[in-house]
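Read through the structure below, which is laid out as structure tokens, and then see the notes.
Only this structure's heavy atoms are used, side chains among them; waters, hydrogens and symmetry mates stay out.
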Amino acid sequence: MNILLVKQASLVCDGIFGLLKRHFPNSKLSLCSQYDCQEFLAYSEQANLIIVDIKMTKEVLKVIKYLKNEGKKVIAWVEDLRDDKLPEVFKLNLNGYIYYEVDEETFIKAIRQICAGGLFIHEPLSNRLLDIYTKSQSEQNEPPLELLSEREWEVLKLLSKGYSNVKIANELFLSDKTVKNYVSSILYKLDVPDRTNAVLHALRKRWVSL
């Protein structure tokens with residue numbers, strides 16, 4: 001895996017690059033710290049996974065769209081939850097979204113998960129992203145009923161309303177253990193790491209509403 005970090009030079013940038021070096025010693029790592037179109041294109045051509053700070057350049061949306069069209073795995077690095085570009089960046093359905101306060105273990109887990117073909121949305125971004133989707137999408141699509149069982153769809157809809165396992169159990173007249181098993185099955189079938197990402201995935205597809 002060849003990894004490119006696109007971020008302005010800073011102590012944070014140095015820290016991220018250092019982590020990547022330690023945990024991915026067999027990967028080719030590159031850093032594009034001052035955005036220049038030709039330099040960026042040269043670096044990105046060789047990279048499979050690209051981490052892009054969304055404040056790196058005013059043209060970041062064009063940059064990310066270009067990378068997606070080239071079939072690259074892209075992670076958006078976010079430092080400001082109020083960044084006015086965030087709604088558009090989230091709509092691009094990237095492979096990952098990471099908030100700058102991420103700890104080392106979560107960061108590396110996210111990279112590995114994305115490299116393996118999964119998706120990752122850092123939990124601190126979840127409320128902001130849920131708010132974006134609540135405002136931007138009101139219509140639901142017909143969900144692929146064959147993907148989950150009828151009961152799993154019921155559980156997922158209640159998860160989207162913020163119900164705990166206990167509350168879901170009471171609502172559906174099930175045991176806590178049974179609900180936990182349904183949630184685990186939903187996460188497996190949707191290929192997501194946790195219930196927050198399951199809800200975000202379903203909202204993105206417009207299978208559920210809040």
Side-chain angles (χ1 to χ4, degrees), residues 54 61 64 68 73-103 105-107 109-210:
I54 67 170
L61 292 175
I64 292 174
K68 285 206 47 149
K73 295 181 184 298
V74 182
I75 297 174
W77 178 271
V78 181
E79 295 191 356
D80 183 1
L81 295 177
R82 296 168 296 178
D83 192 311
D84 58 9
K85 295 186 293 297
L86 188 55
E88 293 302 318
V89 172
F90 189 62
K91 289 177 185 177
L92 293 175
N93 294 331
L94 305 183
N95 304 88
Y97 297 84
I98 295 178
Y99 189 50
Y100 80 104
E101 291 181 344
V102 64
D103 60 78
E105 181 180 357
T106 302
F107 180 60
K109 177 184 177 182
I111 299 289
R112 296 190 190 282
Q113 184 170 307
I114 291 166
C115 287
L119 303 173
F120 184 87
I121 301 174
H122 194 198
E123 190 171 352
L125 288 167
S126 61
N127 288 337
R128 174 71 171 122
L129 301 181
L130 283 170
D131 181 57
I132 290 169
Y133 264 86
T134 300
K135 292 178 179 178
S136 66
Q137 302 191 33
S138 57
E139 296 182 359
Q140 286 183 239
N141 288 329
E142 188 66 30
L145 298 180
E146 70 282 358
L147 181 61
L148 304 176
S149 70
E150 182 178 352
R151 186 62 94 181
E152 287 167 349
W153 280 115
E154 290 177 340
V155 171
L156 180 58
K157 288 176 182 177
L158 293 177
L159 286 175
S160 72
K161 298 181 184 300
Y163 280 34
S164 66
N165 284 2
V166 172
K167 194 171 181 180
I168 292 173
N170 292 335
E171 181 78 13
L172 300 179
F173 303 102
L174 301 171
S175 68
D176 293 353
K177 182 177 180 181
T178 299
V179 171
K180 184 177 181 180
N181 289 338
Y182 277 129
V183 172
S184 296
S185 179
I186 291 168
L187 300 186
Y188 174 77
K189 290 180 179 179
L190 297 186
D191 191 25
V192 293
D194 53 48
R195 56 203 292 145
T196 297
N197 279 271
V199 172
L200 287 170
H201 181 75
L203 286 170
R204 179 186 295 131
K205 297 291 187 179
R206 298 192 217 177
W207 295 338
V208 299
S209 60
L210 297 179

(request) Could you tell me whether Glu123 atom CD has more than 12 heavy atoms of other residues or ligands within 6.0 Å of it? (result)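 No, not enclosed.
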(message) I need the Asn95 CG to Ile121 CD1 distance, nearest 0.5 Å.
(response)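 Answer rounded to 0.5 Å: 11.0 Å.
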(message) Nearest 0.5 Å, please: how far is CD in Glu101 from CG in Leu125?
(response)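 Separation between the atoms: 10.0 Å.
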(request) Just grab all the side-chain hydrogen bond (donor to acceptor under 3.5 Å, both in side chains) pairs involving residues 164-174, residues at least two apart or on different chains. (result)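 Sorted pair list: Asn165-Arg195.
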Which atom of [X] lies closest to which atom of [Y], heavy atoms considered:
X      : Y      : value
Leu119 : His201 : CD1-ND1, 4.4 Å
Pro87  : Asp84  : CD-O, 3.5 Å
Gly96  : Ile114 : CA-CD1, 3.8 Å
Ala198 : Leu156 : O-CD1, 4.2 Å
Pro193 : Leu187 : O-CD1, 4.0 Å
Val74  : Leu94  : O-CB, 3.5 Å

Min side-chain heavy-atom separation [X]-[Y] under 4.5 Å:
X      : Y      : answer
Lys85  : Ile64  : no
Pro124 : Tyr97  : no
Asn197 : Phe120 : no
Leu190 : Leu147 : yes

(message) Under the rule for side chain to side chain donor-acceptor pair (under 3.5 Å), what residues qualify as partners of Lys109, not counting sequence neighbours?
(response)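 Not a single residue meets the side chain to side chain donor-acceptor pair (under 3.5 Å) criterion with Lys109.
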(message) My understanding is that only residues two or more places apart in sequence, or in another chain, count here; which of them pass side chain to side chain donor-acceptor pair (under 3.5 Å) with Asp103?
(response)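 Counting only residues at least two positions away or on another chain, Asp103 forms a side chain to side chain donor-acceptor pair (under 3.5 Å) with Thr106.
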With sequence neighbours excluded, what pairs up with [X] under the side-chain contact (heavy atoms from CB on, under 4.5 Å) test?
X      : value
Arg151 : Ser149, Glu154, Leu172, Leu174, Tyr182
Lys189 : Leu148, Glu152, Ser185
Leu61  : Glu88, Val89, Leu92

(request) Check the angle between the aromatic planes of Tyr99 and His122 and answer parallel, tilted or perpendicular using the 30° and 60° thresholds. (result)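 Taking His122 first and then Tyr99, their aromatic rings sit tilted (interplane angle of 30° to 60°).
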(request) Could you walk me through whether Lys177 and Lys180 pass the side-chain contact (heavy atoms from CB on, under 4.5 Å) test, one step at a time? (result) CA-CA 5 Å; Lys177 182 177 180 181; Lys180 184 177 181 180; 5.6 Å; no
